[in-house]
There are 2 protein chains.
Amino acid sequence: MRPSYKSIITALKRHGHKLTLQRRAVIDVITSSQDHLTPAAMFEKVRQDHPGIGLVTVYRTLKLLTELNLICELRTADNCPSYTAGTSEHHHHLVCSGCGKVVDFASPRLIERDVAKLEGKLSRENGFRIDEHLLEFTGLCELCQKAQASSV
Amino acid sequence: MRPSYKSIITALKRHGHKLTLQRRAVIDVITSSQDHLTPAAMFEKVRQDHPGIGLVTVYRTLKLLTELNLICELRTADNCPSYTAGTSEHHHHLVCSGCGKVVDFASPRLIERDVAKLEGKLSRENGFRIDEHLLEFTGLCELCQKAQASSV
DNA sequence: GTCTAAATGAAAAATATTATCATTTACACT
DNA sequence: AGTGTAAATGATAATATTTTTCATTTAGAC
């Protein structure tokens with residue numbers, strides 16, 4: 001389940017962080033959108049309700065939430081990180097290389113089991129302590145496929 | 001098999017690109033290193049033999065090689081892209097979140113088969129044309145584990 | 001050898017992110 | 001409710017990374 005506005009607020013409080021209007025605003029935006037948003041996009045959204053907020057605050061809030069593992073950070077080839085609520089649930093990414101759209105999905109238990117095995121093997125062979133894994137598919141979404149087809 | 005200096009040169013030629021000293025130098029560095037290198041790191045290496053080369057040229061060459069799919073671009077949480085020779089061989093990444101070290105590995109056929117199945121399902125359900133996939137493990141390498149242990 | 005489009009390097013611009021610091025504010029404690 | 005204090009904010013500057021621009025150079029076809 002995607003973490004709700006409330007659960008994130010609670011977690012922040014639990015870790016001894018202050019609940020400022022600005023943080024609430026950022027959390028509101030991130031939890032009420034299904035998409036992965038870049039810091040800049042989030043800033044624009046938050047701004048609508050809180051004209052005074054600074055981009056810096058958005059960056060700081062995202063950093064904090066990422067450190068507490070309350071949101072999910074994603075980096076793709078377009079160089080901009082984007083964030084979405086929901087790391088409590090383990091999920092993977094399907095990324096459109098055309099427009100950057102990201103679809104989250106849960107992978108079948110079968111794969112997760114195999115991946116866990118592979119994780120053990122890699123860990124032993126390379127001396128790593130492995131903390132997480134991510135499966136990422138890249139391709140073109142429906143719209144970008146059409147755009148490509150019509151431009152050729 | 002990792003693409004060799006020669007194979008990349010040939011591919012460039014085939015696509016009608018000129019073989020400048022600078023490009024040769026960058027390709028030499030990227031093929032003779034096992035690691036993923038950032039543009040800046042590559043610049044430093046290339047510079048040793050070609051003091052006159054510009055960082056811009058390194059960027060341009062990496063961009064070109066990436067577009068031609070001759071090298072592999074990787075982005076992790078530290079925000080710096082890094083590149084390595086070798087996309088002709090399908091491989092995955094084990095990334096150290098401490099120092100950024102990347103180990104490439106091939107995943108067992110078992111997983112690849114399941115992933116292919118999942119790929120078909122995702123493609124159908126989301127209307128994506130899926131081009132590639134990447135499995136990425138994140139953790140701490142041996143050195144960074146020790147560093148962490150001793151600092152606590 | 002000559003020609004030309006492609007590639008380069010220097011500098012500036014654009015973009016993204018972080019650091020600094022004075023001011024404001026949440027909230028623990030009365 | 002009022003007060004004190006550490007944490008958080010916003011403005012600004014700084015840093016880092018990547019791209020653009022453009023005059024000059026050069027690889028490679030002829």
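Below, chain A is the first sequence line, B the second, and so on; all start at residue 1.
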TODO: Determine the contact category for B:Leu19: base if any of its heavy atoms lies under 4.0 Å from a base atom, sugar-phosphate if only primed atoms, P, OP1 or OP2 are that close, otherwise nothing.
DONE: sugar-phosphate
Atom-to-atom span, [atom1] of [X] to [atom2] of [N] - whole angstrom:
X       : N      : atom1 : atom2 : result
B:Lys13 : C:dA7  : NZ    : C1'   : 17 Å
B:Leu64 : C:dT8  : CG    : C1'   : 14 Å
B:Lys63 : D:dT19 : NZ    : C1'   : 8 Å
A:Phe43 : C:dT17 : CZ    : C1'   : 14 Å
A:Leu62 : D:dA8  : CG    : P     : 15 Å
A:His50 : D:dA8  : NE2   : P     : 18 Å
A:Ile53 : D:dA8  : CD1   : P     : 14 Å
A:Leu55 : D:dG10 : CG    : P     : 11 Å

Selected nucleotide, minimal atom distance to [X] side chain, candidates [options]:
X       : options               : result
A:Thr20 : C:dT8, D:dA8, C:dT20  : D:dA8
A:Arg60 : D:dT9, D:dT18, C:dT8  : D:dT9
B:Tyr59 : C:dG9, D:dG10, D:dT19 : D:dT19

- [ ] State whether the number of non-hydrogen atoms from other residues, nucleotides or ligands found under 6.0 Å of B:Leu19 atom CG is greater than 12.
- [x] yes
Open item on the list: On DNA chain D, compare the nucleotides closest to B:Leu21 and A:Thr57; which residue's is nearer the 5' end?
Closed with: A:Thr57
Open item on the list: Does anything in residues 36-72 of chain A form a ring-ring contact (aromatic ring centres under 6.0 Å, His included)? List the pairs, not counting sequence neighbours.
Closed with: A:His36-A:His93
Task: Stepwise salt bridge (charged side-chain N to carboxylate O under 4.0 Å, His left out) test for B:Arg47 and B:Glu44 - done: CA-CA 5 Å; B:Arg47 221 180 192 181; B:Glu44 282 313 316; 3.2 Å; yes
Task: Short side-chain N/O contact from A:Gln22 to OP1 or OP2 of D:dG10, under 4.0 Å - done: yes
- [ ] Using only heavy-atom distances, determine whether the side chains of A:His90 and A:Glu112 contain a donor-acceptor pair under 3.5 Å.
- [x] yes
TODO: Decide, yes or no, whether a salt bridge links B:Glu73 with B:Arg75 under the criterion of side-chain N to carboxylate O below 4.0 Å.
DONE: yes
Task: Among B:Leu21, B:Ile71, B:Val58, the one residue meeting side chain to side chain contact (heavy atoms under 4.5 Å, CB included) with B:Val26 - done: B:Val58
Set out, line by line, the N/O atom pairs under 3.5 Å between protein and nucleotides 1-7 of chain D.
| residue | atom | partner | partner atom | Å |
| --- | --- | --- | --- | --- |
| D:dA6 | N3 | A:Lys18 | NZ | 3.3 |

- [ ] Please list, chain by chain and in numerical order, all residues satisfying side chain to side chain contact (heavy atoms under 4.5 Å, CB included) with A:Ser123, sequence neighbours excluded.
- [x] A:Ile130
